[in-house]
Amino acid sequence: MEVIEGCRLPVLRRNQENEDEWPLAEILSVKDISGRKVFYVHYIDFNKRLDEWVTPERLDLKKIQFPKKEAKTPTKNGLPGSRPSSPERDLKRKLEAVSLTTQCSPATPVAPAPEIPTPVFAQQNGSVRRPVSVVTGRKRKAGCLGTDEDSQDSSDGIPSAPRMTGSLVSDRSHDDIVTRMKNIECIELGRHRLKPWYFSPYPQELTSLPVLYLCEFCLKYLKSLKCLQRHLTKCNLRHPPGNEIYRKGTISFFEIDGRKNKNYSQNLCLLAKCFLDHKTLYYDTDPFLFYVMTEYDCKGFHIVGYFSKEKESTEDYNVACILTLPPYQRRGYGKLLIEFSYELSKVEGKTGTPEKPLSDLGLLSYRSYWSQTILEILMELKSENGERPQITINEISELTSIKKEDVISTLQYLNLINYYKVGQC
């Protein structure tokens, strides 16, 4: 019985309680390593960051489900997907053929149209796939890979990756087999080694390396430790480029313009894509501001996390992407990033909201922040003249800069809001 791509079957995995379980999984890819097959599996109803390569011993072949073949619908002329001919369509084809014949006669040769370079996602097997990008409210530059001054230094023999930034908006059109599979094994960033959760469009040459090395100050990617050491002798940065706009103790925030610091912004987006699944990919960082949170020590300012926002948002979005790097998670940094984004909204005199839908971890972080902030306001309410204290949803929104819809959803989540028909209260 041959296990092929698309099959579904139970796969053995160890859960958080250190117990064995057999969840249903889908086979996304099969490859040979030293004459032995291994399988890349996605656990159904689990987050994609748990996807992994497994050996045949972990597969329950007794309950295998093979993919169903799609039936082709026959057509009148036998070609699937073709439209039946009609007298009007046949006449139109003849007229177009005559027109092309007269325009493209041997006496007037037509020069071929220049090819426009298009960025591609490189697969591990050497083939390529064109990326799909969804841009809301903006026109994407076709084939824009960045100018020479924005590209990676080619002295290390690594070509530039497609330049992308994006948002938390879920775009499932890019969710094909290539982007569903993790392509980077391990990332070394300063004193930390990170295991990516998701696909990120780094150059194909880097996907076969056991470790991808990043400069923790400029985020440039390099293929070996020797290249990184040589780069560090030339890199003058000890903090993110841009202006330091906040500092308390060892924590600092830097504001980075995506237009003025394209190279850093694009490298930041490539790193962030390793840990953000719902990150729609764009080809231009110009419309974004990036706020990078750092932790300071004697060696410099080390990146902890960041969030990005559009310079001009018609939907009142105050966050496009937000990320705390895995080594710094569960330490309150995510809540600090969220709070900082709302403080910026207060300075602007606006209410803000993150782009939706949020990821699972993003939703937990925002729901925790919204709940704590709103409950603190409710607990500080004082009664006047012996009457029950009152506050409106609009007043909560003005005090916190949290958008009214998010205030309502949080109150509903906390079971603190009830609806009554007229005459029932």
Q) Side-chain contact, heavy-atom cut-off 4.5 Å: Arg13 with Leu50? A) yes
Q) How long is the gap from CG on Asn318 to CD on Glu355, to the nearest 0.5 Å? A) 10.0 Å
Q) Which atoms form the tightest heavy-atom contact between Lys404 and Asn394, and what is the distance? A) CD-OD1, 3.2 Å
Q. So Trp53 and Tyr40, would you call those rings parallel, tilted or perpendicular, with 30° and 60° as cut-offs?
A. perpendicular
Q: May I ask you to decide if Gly300's main-chain N or O and Asp297's side chain share a donor-acceptor pair within less than 3.5 Å?
A: yes
Q) Does Ser200 reach the main-chain N or O of Leu270 with its side chain, forming a donor-acceptor pair under 3.5 Å? A) yes
**Q.** Shortest non-hydrogen contact from Pro241 toward Asn261
**A.** CB-OD1, 3.4 Å
Q.
Does Gln412, at its CD atom, have more than 12 non-hydrogen atoms belonging to other residues, nucleotides or ligands within less than 6.0 Å?
A. yes
Q) So does Glu216 pair up with Lys299, basic N to acidic O under 4.0 Å? A) no
Q. Are the side chain of Lys48 and the backbone of Lys182 linked by a donor-acceptor contact shorter than 3.5 Å?
A. no
**Q.** Those residues that, when tested against Glu244, pass side-chain contact (heavy atoms from CB on, under 4.5 Å) (two or more places apart)
**A.** Arg247, Ser252, Phe254, Phe301
Q. Roughly how far apart are Tyr413 OH and Leu363 CG, rounded to 0.5 Å?
A. 8.5 Å
Q: Any chance you could lay out the side-chain contact (heavy atoms from CB on, under 4.5 Å) test for Asp277 and Ser359, step after step, and finish with the verdict?
A: CA-CA 8 Å; Asp277 183 24; Ser359 64; over 6 Å; no
**Q.** Presence of salt bridge, Lys356 and Glu405, under 4.0 angstrom
**A.** no
Q | Distance in Å, Leu411 CG paired with Leu378 CG, rounded so as to fall on 0.5 Å steps | A | 7.0 Å
(Q) Are Tyr342 and Tyr369 an aromatic pair, judged by ring center distance below 6.0 Å? (A) yes
Q: Among Ile27, Leu59, Leu9, find the one that has a side-chain contact (heavy atoms from CB on, under 4.5 Å) with Ile64.
A: Leu9
Q. What's the shortest heavy-atom distance between Cys269 and Phe290, and which atoms?
A. SG-CE2, 3.8 Å
Q | Test item: Leu268 and Thr285 side chains (from C-beta on) under 4.5 Å apart, heavy atoms | A | no
Q: Determine yes or no for a side-chain-to-main-chain donor-acceptor pair under 3.5 angstrom, with Gln329 supplying the side chain and Thr324 the backbone.
A: yes
(Q) Rounded to the nearest 0.5 Å, what separates atom OG1 in Thr392 from atom CD in Glu398? (A) 7.0 Å
(Q) Is it the case that over 12 heavy atoms from other parts of the model lie below 6.0 angstrom from the NZ atom of Lys260? (A) no
Q) Are the ring centres of His231 and Phe217 closer than 6.0 Å? A) no
Q.
Measuring only between side-chain heavy atoms, which start at C-beta, is Ile338 closer than 4.5 Å to Ser365?
A. yes
Q) Is there a side-chain contact between Asp45 and Leu24 (heavy atoms, below 4.5 Å)? A) no
Q | Arg330, CZ atom: more than 12 neighbouring heavy atoms under 6.0 Å | A | no
Q.
Tyr291 vs Leu289, test: side-chain contact (heavy atoms from CB on, under 4.5 Å). Steps then yes/no.
A. CA-CA 7 Å; Tyr291 294 88; Leu289 291 172; 3.6 Å; yes
Q: Working to the nearest 0.5 Å, report the span between SG of Cys274 and CG of Leu212.
A: 7.5 Å
Q | More than 12 heavy atoms from other groups under 6.0 Å of CD on Glu376 | A | yes
Q) Given Leu209 and Glu185, is the side-chain contact (heavy atoms from CB on, under 4.5 Å) satisfied, shown in steps? A) CA-CA 7 Å; Leu209 299 176; Glu185 183 69 24; over 6 Å; no
(Q) I'd like to know if Asp51 pairs up with Arg180 as an ion pair, taking the criterion as any Lys NZ or Arg NE/NH1/NH2 lying under 4.0 Å from an Asp or Glu carboxylate oxygen. (A) no
Q: Identify the heavy atoms of Val41 and Ala25 that sit nearest to each other, and give their distance.
A: CB-CB, 4.1 Å
Q: Give a yes or no on whether Gln16 atom CD has more than 12 heavy-atom contacts from other residues, nucleotides or ligands under 6.0 Å away.
A: no
Q. Between Ser368 and Lys335, does any side-chain donor sit less than 3.5 Å from a side-chain acceptor?
A. yes
(Q) How close do Tyr202 and Asn183 get, counting heavy atoms only, and between which atoms? (A) N-ND2, 4.4 Å
**Q.** Test item: Ile4 and Pro67 side chains (from C-beta on) under 4.5 Å apart, heavy atoms
**A.** yes
Q | Between Glu52 and Tyr43, a side-chain donor and acceptor under 3.5 Å | A | yes
Q. Roughly how far, to the nearest 0.5 Å, is CD1 of Ile393 from CD1 of Ile402?
A. 12.5 Å
Q | Side chain proximity check, Leu225 to Tyr213, heavy atoms < 4.5 angstrom | A | yes
Q. Can you tell me if CZ on Arg388 sees more than 12 non-hydrogen neighbours from other groups inside 6.0 Å?
A. no
Q: Give the minimum heavy-atom separation between Val38 and Thr55, together with the two atoms involved.
A: CG1-CG2, 4.5 Å
(Q) For a 4.5 angstrom cut-off between non-hydrogen side-chain atoms, does Asp286 reach Lys262? (A) yes
Q) Is the Phe340 ring parallel, tilted or perpendicular to the Tyr246 ring (thresholds 30°, 60°)? A) perpendicular
Q: Kindly say whether Val11 contributes a backbone atom to a donor-acceptor pair with the side chain of Arg58 at under 3.5 angstrom?
A: no
Q | Note, Thr353 side chain near Tyr366 side chain (heavy atom, < 4.5 Å) | A | no
Q. Run the side-chain contact (heavy atoms from CB on, under 4.5 Å) check on Leu325 and Leu189 step by step: do they pass?
A. CA-CA 10 Å; Leu325 292 175; Leu189 180 68; 3.8 Å; yes
Q: Can you establish whether the number of heavy atoms outside Lys63 located under 6.0 Å from its atom NZ is more than 12?
A: no
